[in-house]
Amino acid sequence: RQMCIRDRCKEEEANSGTGAQPGLINISTLSSASWVSEAEMANPDVIRADNILTENNLIVLDMSGSMNENSCAGDFNTRADAAKDALFKWIAANPSGNIGLIVFNSEKGPQVLAPLNSGAEHGQRLATKIDGLRADMGTPLHSAITLAEGVLKDQFIRQNGSGTYRAIIITDGAVSYTHLTLPTIY
């Protein structure tokens, strides 16, 4: 069977001896897959980053209607309030590197509310945007993850393939579009 990521496929033996189950992706079998093409990396029109070793943390935040529920919210009124409080603390504890924010619900779909950037002023603007968010509608998780991949890929190119890249996905897992399910990665 074939394992594919961004139009790059790698043959995986049916009896590889790994005990892999159908529908699961073993990330170790994809280690040789390239994230971007040589042409994308060599594009002369790309504005290159000043610091190619920058750490990049892209928050992908679920603000769907189920985040308004109070079950699993701990000491908070809603799951959204708990998530926002955790993000405020995380942003304060991680002042270096780039932080960006994608928010998703089905009313507007996934949106980049704050591009990857750094500094105390950016952190304050980010916290203000997070504080103003309200949960509503459905959960287009697949679209949000696809957008996050594109944002991180663009930054990867800007940093000449160097640095660290993380998508931090905060969701209650109540996906409302089940026809767009993602494979389980182990």
Side-chain angles (χ1 to χ4, degrees), residues 6 35-37 40-70 72-175 182:
R6 300 196 57 78
W35 195 17
V36 297
S37 70
E40 289 172 306
M41 290 300 292
N43 183 346
D45 297 327
V46 172
I47 298 171
R48 301 297 172 174
D50 292 332
N51 181 355
I52 64 168
L53 300 177
T54 299
E55 182 176 299
N56 298 280
N57 294 292
L58 184 58
I59 300 161
V60 182
L61 180 60
D62 181 352
M63 278 286 117
S64 64
S66 61
M67 293 293 282
N68 267 332
E69 295 179 14
N70 62 5
C72 298
D75 294 333
F76 298 91
N77 290 329
T78 66
R79 296 173 189 169
D81 291 339
K84 290 194 283 186
D85 183 71
L87 282 174
F88 297 144
K89 290 174 182 171
W90 187 85
I91 291 168
N94 292 280
S96 64
N98 289 332
I99 301 174
L101 175 66
I102 291 176
V103 175
F104 64 96
N105 65 26
S106 64
E107 179 182 15
K108 297 180 181 177
Q111 298 179 349
V112 177
L113 286 192
L116 288 165
N117 208 332
S118 62
E121 197 172 298
H122 176 69
Q124 287 297 324
R125 283 192 307 269
L126 188 58
T128 299
K129 287 182 181 196
I130 291 169
D131 191 44
L133 294 172
R134 302 292 170 252
D136 193 21
M137 307 297 280
T139 314
L141 181 58
H142 184 271
S143 300
I145 290 172
T146 300
L147 177 60
E149 177 188 18
V151 169
L152 290 173
K153 177 184 169 186
D154 290 346
Q155 188 67 19
F156 180 84
I157 293 168
R158 290 187 69 235
Q159 290 181 214
N160 292 321
S162 298
T164 304
Y165 302 85
R166 292 183 195 95
I168 301 165
I169 301 167
I170 300 172
T171 181
D172 61 6
V175 178
L182 297 171

Asn43: which residues meet the side chain to side chain contact (heavy atoms under 4.5 Å, CB included) condition with it, sequence neighbours left out? Asp45, Val46
Shortest non-hydrogen separation from Val60 to Ala144 and the atoms involved: CG1-CB, 3.8 Å
Nearest-0.5 Å distance, CD of residue Glu55 to CG of residue Asn57: 5.0 Å
Which heavy-atom pair separates Asp62 from Met67 by the least distance, and what is that distance? O-CG, 3.3 Å
Sequence neighbours left out, cut at 3.5 Å: what donor-acceptor pairs do the side chains of residues 109-125 make with other protein atoms?
unit_1 : atom_1 : unit_2 : atom_2 : d
Glu121 : OE2    : Arg125 : NH1    : 3.1
His122 : NE2    : Ile99  : O      : 2.7

Just by distance, do the side chain of Gln159 and the backbone of Phe156 share a donor-acceptor pair under 3.5 Å? no
Hits for side chain to side chain donor-acceptor pair (under 3.5 Å) against Arg48, two or more places apart or cross-chain, chain-then-number order -> Asn160
Distance check, rounded to the nearest 0.5 Å: Leu61 atom CG versus Thr171 atom OG1? 9.0 Å
With sequence neighbours excluded, tell me which residues meet side chain to side chain donor-acceptor pair (under 3.5 Å) with Asn98. Asn56
Give a yes or no on whether the backbone of Ala135 and the side-chain of Asn68 come within a donor-acceptor separation of less than 3.5 Å. yes
Inter-residue atom distance Asp172.CG - Thr139.OG1, 0.5 Å rounding: 6.5 Å
Set of residues satisfying side chain to side chain donor-acceptor pair (under 3.5 Å) with respect to Thr78, sequence neighbours excluded: Asp81
For Ile170 and Leu87, what are the C-alpha separation, side-chain angles and deciding distance, and is it a side chain to side chain contact (heavy atoms under 4.5 Å, CB included)? CA-CA 9 Å; Ile170 300 172; Leu87 282 174; 3.4 Å; yes
Say you draw a straight line from CG of Leu58 to CD of Gln155; how long is it, rounded to the nearest 0.5 Å? 10.0 Å
Donor-acceptor contacts under 3.5 Å from residues 88-95 side chains, at least two apart:
unit_1 : atom_1 : unit_2 : atom_2 : d
Lys89  : NZ     : Asp85  : OD2    : 3.0
Asn94  : ND2    : Trp90  : O      : 2.8

Side-chain contact, heavy-atom cut-off 4.5 Å: Leu101 with Ile130? yes
Begin with the C-alpha distance, continue with both residues' side-chain angles, and end with the deciding distance and a verdict on side chain to side chain contact (heavy atoms under 4.5 Å, CB included) for Ile169 and Ile145. CA-CA 8 Å; Ile169 301 167; Ile145 290 172; 3.8 Å; yes
Are the side chain of Glu69 and the backbone N or O of Arg79 linked by a donor-acceptor pair below 3.5 Å? no
Rounded to the nearest 0.5 Å, what separation is found between the CG atom of Asn105 and the CE atom of Met63? 9.0 Å
Could you state the interatomic distance from CG (Leu152) to CG (Leu147), rounded to the nearest 0.5 Å? 9.5 Å
